[in-house]
Amino acid sequence: MSKPATTETRMEKIVSLCKRRGFIYQSSEIYGGIGGFWDYGPLGAELKRNLRDTWWRAMTREREDVVGLDATIIMHPAIWRASGHVDTFADMMRECTISNKRVRADHVEPQSGSVIRFTGAKVPTPGNWHLDRTIAVLMKQGEHIESFRKRVRLLIAQNAGAAAGKPEEIELLGEEKIDTIDGSVDFHPETGGMLNEARPFNLMLRTYVGPTATENDIAYLRPETAQAIFAQFKNVCDSSRVKVPFGIGQIGKAFRNEVTPKNFTFRSREFEQMELEFFIKPDEAVRLIHGSVAAWHEGADLSEPKPDWGWEMWHRYWVAQRTAYYASIGLGLDVLEYHWQTKADLAHYARACVDILYKFPFGTDELEGIAARGSFDLTQHQTHSGKQLEYFDEELKAACDAMNQEQKTAFIEETHAARTNLETSREEITSTCEKLFKGLYIPHVIEPSAGLDRLALAILADAFDEEEVTDDKGKTETRTVLHFHPRIAPIKVGVFPLLKNKPELVSKAREIVALLRPHMSVFYDETAAIGRRYRRQDEVGTPFGVTIDFETLGEEKPEFKDTVTLRERDSMEQRRIPIAELLPFLLSKIL
RNA sequence: GCGGGCGUAACUCAGUUGGUAGAGUGCAACCUUGCCAAGGUUGAUGUCGAGGGUUCGAAUCCCUUCGCCCGCUCCA
């Protein structure tokens with residue numbers, strides 16, 4: 001579509017910049033591209049690596065209570081049956097033959113009414129649009145024939161798009177009642193259109209393990225990284241001397257056969273997740289050890305974990321931790337939103353889930369979900385694998401050993417009275433309590449799960465800016481700049497000799513590059529005028545520029561010998577700094 | 001998957017009734033240049049998304065296909 005540059009949207013400008021400067025390319029572009037897959041170019045690779053590193057550092061290295069894991073993408077298919085992904089990601093779906101609206105084959109409610117067949121439809125006016133296939137629609141019991149016809153016209157119009165024009169202009173052809181049905185599941189519950197044959201609809205990408213590639217060899221590319229953590233929970237416990245509460249963090253690729261990849265890299269078929277599964281004591285265990293469970297209230301102190309925290313405090317704690325993380329890379333509360341899922345939104349096993357959303361140019365959408373998942377996942381894997389995944393808590397055991405039988409009986413009664421799920425039987429509760437008395441439980445889990453590619457996109461969108469800059473001569477122009485936080489900027493510093501045809505300047509600049517290179521990504525540029533070189537770096541978000549001029553060499557003003565001009569990207573201000581102070585200064589900004 | 005829009009240089013886009021493709025920006029080289037996209041000279045880059053068809057001749061017309069955007073749909 002031809003349109004003036006001024007109407008190019010912010011998102012289009014970002015996509016264009018990403019391509020032009022080497023942040024993000026379409027995958028397989030020279031072969032026409034492949035939908036839902038994106039490659040990171042030289043600068044994008046640096047940006048993404050920096051983001052990955054900040055997460056890993058904040059979530060594992062800087063904490064005593066989190067360890068890392070790097071698991072395979074392809075795992076035993078049974079994992080995905082235990083997790084529920086095979087069932088919910090592989091439904092048999094049927095589509096309405098008029099509207100293409102999709103429903104799960106096993107979720108169609110039986111309906112009754114008259115089946116009306118039309119041999120086609122047409123619009124007599126200019127476009128000469130026509131539908132020349134037979135369609136069958138259910139006229140529901142009690143539906144008036146005229147409102148039914150109106151509904152069918154609307155249905156056809158919606159599906160045909162602009163070509164068919166207004167619904168009221170559509171002329172239905174060859175109307176005929178062909179059947180009366182009772183309790184049929186062959187018509188779409190909303191549209192009444194006849195459904196096609198059920199087809200498998202699988203959101204997990206498949207492959208085959210082994211050379212024979214038979215039905216028995218099917219494996220899946222993981223649709224999330226979390227399950228590997230649960231599957232290796234026992235190994236980590238047995239080999240790492242970790243004690244609940246503790247977490248296992250992982251960064252890795254995941255794959256989903258999205259129906260509609262969209263919004264640039266936001267919804268991709270291959271993407272990278274950064275997930276933490278943080279295992280905590282069940283509230284009952286906390287209560288046994290400490291006599292009570294700290295309840296969350298507005299303004300509660302979440303700065304340091306406390307031994308008497310229950311799941312809700314831990315959940316809030318991780319929301320606060322993750323918020324602090326986003327602030328540390330430049331995403332403050334002004335660009336984030338929080339969506340607390342309601343009881344109705346929640347998956348049946350989840351106790352709470354908050355989405356952290358970023359205000360993307362195309363809409364506010366999810367960066368991360370922080371879910372309190374109870375003991376669902378480990379319990380599923382214990383059941384399906386037959387392996388004991390309970391954790392032995394010495395502290396709990398010691399606390400229970402100090403209780404007498406009366407106290408234990410009272411505890412069981414309290415627990416039964418406080419149960420949230422009324423389907424849980426007294427026997428189950430008693431059995432769980434007896435386990436607790438022995439120090440055994442399946443840990444509960446808090447799961448902060450973030451999308452690395454979405455974060456990279458948010459960072460790009462947030463950093464992108466077009467500033468109106470007025471120079472000394474009063475000339476106004478647009479400066480395109482990416483305001484990356486120095487910590488995550490792909491290039492930390494640009495080094496420029498003021499003039500490239502003066503060998504002393506060039507060799508001094510090369511010395512400074514050699515000085516900085518071991519510590520950070522440095523970009524050396526000697527071409528074109530100095531102003532242009534600054535602007536080039538602005539456009540890729542380099543926070544600092546260092547210029548070597550004749551003062552650096554000690555000419556004219558000896559007091560400036562071995563100082564350089566340091567130019568700051570956001571303010572465009574310059575100051576002189578001794579070369580000896582350059583490295584410590586830059587390191588203080590990027591670490 | 002359905003409907004609509006679009007696909008020409010690295011980017012943003014022109015391209016007349018079908019006659020062998022252009023601009024601006026960017027990039028490279030040189031000259032000039034003392035600090036915010038300076039000036040000058042020169043230069044490189046296109047299977048016109050891909051495949052097929054019509055035609056003496058296709059960026060242009062037709063068919064198929066792929067990709068991107070929007071809406072629907074889907075969405076742990």
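The sequence lines fix the lettering, A, B, ..., with proteins before strands; numbering per chain opens at 1.
- Residues A/His339 and A/Glu366 have side chains that never bring a donor and an acceptor to within less than 3.5 angstrom of each other.
- Judged by atom type and distance alone, A/Asp538 does not reach the base of B/rC36 through any side-chain donor-acceptor pair under 3.5 Å.
- Judged by distance alone, with hydrogens and angles left aside, A/Arg533 brings no side-chain donor or acceptor close enough to the base of B/rC36 to form a pair under 3.5 Å.
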Can you give the dot-bracket line for RNA chain B, where a pair is Watson-Crick or G-U wobble with both atom distances under 3.5 Å, crossing pairs use [ ], and | marks a partner on another strand?
(((((((..((((.....[..)))).(((((.......))))).....(((((..]....))))))))))))....
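- Applying the ring pair (Phe, Tyr, Trp, His ring centres under 6.0 Å) criterion to A/Phe233, with sequence neighbours excluded, gives A/Phe279.
- A/Phe376 pairs by the ring pair (Phe, Tyr, Trp, His ring centres under 6.0 Å) definition with A/His348, A/Tyr349, not counting sequence neighbours.
- Across all strands, A/Glu224 comes closer than 4.0 Å to base atoms (heavy-atom distances).
- With sequence neighbours excluded, no residue satisfies ring pair (Phe, Tyr, Trp, His ring centres under 6.0 Å) with A/Trp311.
- Using a 4.0 Å heavy-atom criterion, one finds that A/Phe264 contacts the sugar-phosphate atoms exclusively.
- Here A/His384 pairs with A/Ala82, A/Gln380 under the side-chain contact (heavy atoms from CB on, under 4.5 Å) rule; sequence neighbours left out.
- A/Thr478 comes within 4.0 angstrom of a base, heavy atoms only.
- The base of B/rC75 sits within donor-acceptor range of the side chain of A/Arg267, with an N or O pair under 3.5 Å.
- Among residues two or more places apart in sequence or in another chain, the side-chain contact (heavy atoms from CB on, under 4.5 Å) test is passed with A/Ile34 by A/Ser27, A/Ser28, A/Phe37.
- Partners of A/His444 under the ring pair (Phe, Tyr, Trp, His ring centres under 6.0 Å) rule, at least two apart in sequence or in another chain, do not exist in this structure.
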Provide a list of protein-nucleic acid N or O atom pairs under 3.5 angstrom, restricted to nucleotides 42-47 of chain B.
none

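- Residue A/Leu499 is classed as a base contact, given a heavy-atom separation below 4.0 Å to a base.
- Of the candidate nucleotides B/rC68, B/rA37, B/rC35, B/rA37 has the atom lying nearest to any side-chain atom of A/Thr480.
- Atom CZ of A/Arg535 is separated from atom C1' of B/rC36 by 5 Å (rounded to the nearest Å).
- Out of B/rA37, B/rU32, B/rC70, the shortest distance to the side chain of A/Asn263 is found at B/rC70.
- Not a single donor-acceptor contact under 3.5 angstrom links the side-chain atoms of A/Ser16 to the base of B/rC11.
- Not counting sequence neighbours, the partners of A/Ala226 by the side-chain contact (heavy atoms from CB on, under 4.5 Å) test are A/Glu224, A/Phe230, A/Glu275, A/Glu277, A/Glu447.
- With hydrogens and angles ignored, a donor-acceptor pair under 3.5 angstrom links the side chain of A/Glu551 to the base of B/rG34.
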Contact letters for nucleotides 23-30 of chain B, in which S counts primed atoms plus P, OP1 and OP2 and B counts the base, heavy atoms under 4.0 Å
----SSSS
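- Within the structure, side-chain hydrogen bond (donor to acceptor under 3.5 Å, both in side chains) pairs that include any residue of residues 536-545 of chain A comprise A/Arg20-A/Glu539, A/Arg21-A/Glu539, A/Arg479-A/Asp538, A/Asp525-A/Arg536, A/Thr527-A/Arg536, A/Gln537-A/Thr542, A/Asp538-A/Arg567 (at least two apart or interchain).
- A search for side-chain contact (heavy atoms from CB on, under 4.5 Å) contacts involving A/Lys502 returns A/Leu499, A/Glu504, A/Leu505, A/Phe550, not counting sequence neighbours.
- A ring-ring contact (aromatic ring centres under 6.0 Å, His included) with A/Phe496 is found for exactly one of A/Phe523, A/Tyr524, A/Tyr534, A/Phe544, namely A/Tyr534.
- Among the atoms of the strands shown, only primed sugar atoms or phosphate atoms (P, OP1, OP2) are found under 4.0 Å from some heavy atom of A/Gly36.
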